[in-house]
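Note that the coordinates shown come from a computational prediction; the quantities given were computed from them, not determined experimentally. Note on naming: letters A, B, ... go to the chains in the order of the sequence lines (proteins, then strands), and numbering restarts at 1 for each one.
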There are 2 protein chains.
Amino acid sequence: MRLSTKGRYGLKAMFDLTVNNGSEPISLNNIAKRQDISEHYLEQLMAILRKSGLVQSVRGAYGGYILARKPSEITVGDILRALEGPIGLVDCVLEKDAVECMKYQDCITRIVWEKIRDSIIETIDSITLQNMYDESRKHK
Amino acid sequence: MRLSTKGRYGLKAMFDLTVNNGSEPISLNNIAKRQDISEHYLEQLMAILRKSGLVQSVRGAYGGYILARKPSEITVGDILRALEGPIGLVDCVLEKDAVECMKYQDCITRIVWEKIRDSIIETIDSITLQNMYDESRKHK
DNA sequence: ATAAATCCGACCAAAATGATAGGGATTAGG
DNA sequence: CCTAATCCCTATCATTTTGGTCGGATTTAT
């Protein structure tokens, strides 16, 4: 029941963009170094985040990435859905594109997976990048 | 963010033992057929559940498995922990044996993983096999 | 023009997953 | 005692996923 590094690195990178949020775009190289992630691998994750509309890229010299929306309008759920796909612990109980199995109707274990999924969703959709930023200021 | 089949099959098998709970032990073969799981593979999962003290085995002809405790005293959390290991989405935020990373102290994303983990734990520890059984009766 | 960046597609090694195989040990019933 | 049923154990393995790496094309500030 582990997240892949996509979700882990992705949240780190998005939080990095939040902390260093300004007029200038932030380069991959900078994020990768600060967060200790392989630059080339992070590149692939940023491509996904860009296609999902969570970041915008600026090409060319002195380019980089910036958040596509205000930190208060991007949730942890947005990021995890983009990188990890629909939320859920089993394929027959996802938010979307769930693969119904044969015994779908009578399956009691399904109800358990639904409850777990819903508790995860409630949590990740209630935390924004802004919330995380505020939290980090408190800790200083 | 998917569970392996260990957890999925394991819960199915444990629920099967609950429904067919009686004086007689239930054979692997029966569980496997009813739940549509490879018998040999299920055998490995039952070995784990047995070593975790969740089921008892009866060897020899007409042997099989029975729940080690009352269904009301076995939670979904017990089963998932046995089969999937300590609960948590990332290695640095597990219930136990967490692997602290270098930047552990300042890591803000960690707080997010903790909240998700705790919401999962709260859910899985609040559902017993008896709860599931009661639910299944209602659906009939 | 040049250097700093993103963009893109292909490839790849290691680990995890979901089994399968084969035999040994135990026990109920005839 | 014999046999069939059943759990127990270790080893092996094919496939998929993961977590990258590589090399070059494209874009743009200076």
Side-chain angles (χ1 to χ4, degrees), chain A residues 1-13 17 20 23-52 54-68 80 83-85 89-91 99 101, chain B residues 1-13 16-17 20 23-68 80 83-85 89-91 99 101:
Chain A
M1 199 204 296
R2 300 288 179 275
L3 216 58
S4 75
T5 52
K6 285 184 188 169
R8 253 193 318 136
Y9 290 175
L11 184 58
K12 275 188 168 194
L17 286 182
N20 300 102
S23 50
E24 244 87 295
I26 313 293
S27 75
L28 261 185
N29 183 274
N30 273 316
I31 305 175
K33 268 190 191 146
R34 268 194 298 263
Q35 303 301 328
D36 197 30
I37 302 173
S38 146
E39 182 178 341
H40 250 63
Y41 185 49
L42 181 58
E43 191 178 352
Q44 295 173 47
L45 307 188
M46 295 308 290
I48 298 174
L49 292 171
R50 177 173 51 82
K51 286 168 190 163
S52 304
L54 296 176
V55 300
Q56 286 179 345
S57 64
V58 178
R59 301 187 67 173
Y62 296 88
Y65 296 89
I66 52 173
L67 296 178
L80 292 185
L83 293 166
E84 301 271 343
L89 290 186
V90 303
D91 284 339
V99 184
C101 60
Chain B
M1 199 206 293
R2 300 287 178 276
L3 216 58
S4 76
T5 52
K6 285 184 189 168
R8 255 194 315 137
Y9 292 175
L11 183 58
K12 276 187 166 193
D16 190 279
L17 286 181
N20 300 102
S23 50
E24 245 86 296
I26 314 293
S27 75
L28 260 185
N29 184 272
N30 274 314
I31 305 174
K33 269 191 191 145
R34 268 195 298 263
Q35 303 302 328
D36 196 30
I37 302 172
S38 146
E39 184 178 340
H40 245 59
Y41 184 49
L42 181 58
E43 192 178 354
Q44 295 171 49
L45 307 187
M46 295 308 291
I48 297 173
L49 292 171
R50 176 173 51 81
K51 285 167 190 163
S52 305
L54 296 177
V55 301
Q56 285 180 344
S57 64
V58 179
R59 302 186 68 173
Y62 298 88
Y65 295 90
I66 52 173
L67 296 178
L80 292 185
L83 292 165
E84 302 271 342
L89 290 186
V90 303
D91 283 339
V99 183
C101 59

All side-chain hydrogen bond (donor to acceptor under 3.5 Å, both in side chains) counterparts of B:S57, not counting sequence neighbours: none

How many Å lie between CZ on A:R2 and C1' on D:dG19, as a whole number? 17 Å

Does some side-chain heavy atom of A:L17 sit less than 4.5 Å from a side-chain heavy atom of A:I31? yes

Atom pairs and distances, side-chain donor-acceptor, residues 40-54 of chain B, under 3.5 Å, sequence neighbours left out:
{"residue": "B:Y41", "atom": "OH", "partner": "B:T5", "partner atom": "OG1", "Å": "3.1"}
{"residue": "B:S52", "atom": "OG", "partner": "B:I48", "partner atom": "O", "Å": "2.8"}

How would you list, by chain and number, every residue that makes a salt bridge (charged side-chain N to carboxylate O under 4.0 Å, His left out) with A:R2, sequence neighbours excluded? B:D91

Got a sec, which residues hit salt bridge (charged side-chain N to carboxylate O under 4.0 Å, His left out) with B:D36, two or more places apart in sequence or on another chain? none

Write down the distance between CD (A:E24) and C1' (D:dT28), rounded to a whole number of angstrom. 15 Å

Which nucleotides of nucleotides 4-14 of chain D have their base under 4.0 Å from a protein heavy atom (B), which only their sugar-phosphate (S), and which neither (-), written as one string 5' to 3'? -BBBBB-----

Among residues at least two apart in sequence or on other chains, which ones pass salt bridge (charged side-chain N to carboxylate O under 4.0 Å, His left out) with A:R34? A:D16

Protein within reach of the bases, or only the backbone? For nucleotides 12-18 of chain C, mark each nucleotide 5' to 3' as B, S or -, using heavy atoms under 4.0 Å. ------B

With A:Q56, which residues qualify under side-chain hydrogen bond (donor to acceptor under 3.5 Å, both in side chains), at least two apart? none

In whole angstroms, how far is the P atom of D:dG19 from the CG atom of B:D91? 10 Å

Please report, rounded to the nearest Å, how far the P atom of C:dA4 is from the CD1 atom of A:I31. 18 Å

Is the number of heavy atoms from other residues, nucleotides or ligands under 6.0 Å of B:E39 CD greater than 12? yes

